[in-house]
Amino acid sequence: MTQIIVLPHEDLCPEGAVVEAAPGTSICDALLQNHIEIEHACEKSCACTTCHVIVREGFQSLAAADDLEEDMLDKAWGLEPNSRLSCQAVVQDTPLVVEIPKYTINMAKEGKH
């Protein structure tokens, strides 16, 4: 199992969290399995940016984002060089530290589909 440290997020995990994930699991699934209700409006199909996370440590252990994910990330609020869509970033053996941005852009929820 691989450790994921989730930095405190005002709404989703105010105290922060430390969770375990099996290699091959997406960051999104690992968070959801541990009751951290990260948004995933497109049902994890890489069609939105609601599950955007910033990988503060362990970023290099993740497989590179593909073109579709890169295109979606360009639309994310608070994009940083180590940003990933958590539904596409698959945990390996290296521990990760992730930050869930304070805001997200949810086109469906905001009526902009």
Side-chain angles (χ1 to χ4, degrees):
M1 298 293 270
T2 302
Q3 185 179 74
I4 303 173
I5 297 171
V6 183
L7 298 177
H9 181 279
E10 185 176 313
D11 299 319
L12 301 178
C13 58
E15 305 294 316
V18 178
V19 302
E20 298 284 330
T25 304
S26 73
I27 294 173
C28 184
D29 284 338
L31 298 182
L32 293 170
Q33 289 165 5
N34 286 279
H35 312 291
I36 299 171
E37 298 299 320
I38 188 168
E39 281 195 70
H40 53 288
C42 71
E43 297 302 317
K44 303 179 267 184
S45 66
C46 196
C48 74
T49 63
T50 59
C51 71
H52 168 226
V53 295
I54 302 162
V55 182
R56 296 291 180 201
E57 292 181 26
F59 182 79
Q60 298 302 326
S61 71
L62 302 172
D66 65 18
D67 289 342
L68 178 58
E69 181 182 357
E70 291 286 353
D71 289 345
M72 292 309 303
L73 280 168
D74 285 342
K75 302 171 186 172
W77 182 90
L79 182 67
E80 293 191 16
N82 50 345
S83 288
R84 290 297 302 268
L85 297 181
S86 66
C87 70
Q88 301 300 302
V90 176
V91 174
Q92 301 302 320
D93 294 322
T94 303
L96 302 172
V97 175
V98 299
E99 178 181 350
I100 302 169
K102 183 174 182 175
Y103 300 107
T104 185
I105 299 171
N106 185 333
M107 298 295 189
K109 186 188 280 186
E110 294 167 14
K112 298 178 182 173
H113 23 184

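Since the model is a prediction, treat every value here as computed from it, not as a measurement.
Placement of Val6 and Leu32 within a single hydrophobic cluster is found when ILVMFWY residues are connected by side-chain heavy-atom separations under 4.5 Å, directly or transitively. Under the 4.5 Å side-chain heavy-atom criterion for ILVMFWY residues, a single connected hydrophobic cluster contains both Leu62 and Ile4.
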Checklist entry - When you look at Val53 and Ile38, which way does the side chain to side chain contact (heavy atoms under 4.5 Å, CB included) test go after all the steps? => result CA-CA 9 Å; Val53 295; Ile38 188 168; 3.8 Å; yes
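When side chains are defined from C-beta on, His40 does not count as touching Cys87, because their heavy atoms never get closer than 4.5 Å. Residues Glu20 and Thr2 have side chains not in contact (no heavy-atom distance under 4.5 Å, counting atoms from C-beta outward).
With hydrogens and angles ignored, the 3.5 Å screen pairs a side-chain donor or acceptor of Ser86 with a backbone N or O of Cys51.
Atom CD of Gln60 has 12 or fewer neighbouring heavy atoms from other residues, nucleotides or ligands inside a 6.0 Å radius. Heavy atoms of other residues, nucleotides or ligands lying less than 6.0 angstrom from CG of Asp11 number more than 12.
When each of Thr104, Leu12, Thr49 is paired with Glu39, the side chain to side chain contact (heavy atoms under 4.5 Å, CB included) condition holds for Thr104 and for no other.
The minimum heavy-atom distance between Ala30 and Thr25, with the atom names listed, is N-CG2, 3.8 Å. Taking all atoms of both residues into account, the shortest heavy-atom contact from Ala41 to Thr50 is N-OG1, 2.9 Å. Closest approach of Ser83 to His52, counting heavy atoms only: OG-NE2, 2.8 Å.
Residues passing the side chain to side chain contact (heavy atoms under 4.5 Å, CB included) test with Cys46, sequence neighbours excluded: Leu68, Glu69, Met72, Leu85, Gln88.
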Cut-off 3.5 Å, no hydrogens considered: what does the side-chain donor-acceptor table look like for residues 90-102, sequence neighbours left out?
unit_1	atom_1	unit_2	atom_2	d
Gln92	NE2	Val90	O	3.4
Glu99	OE1	Arg56	NE	2.8
Glu99	OE1	Arg56	NH2	2.7

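To the nearest 0.5 angstrom, Arg84 atom CZ is 13.5 Å from Ile54 atom CD1.
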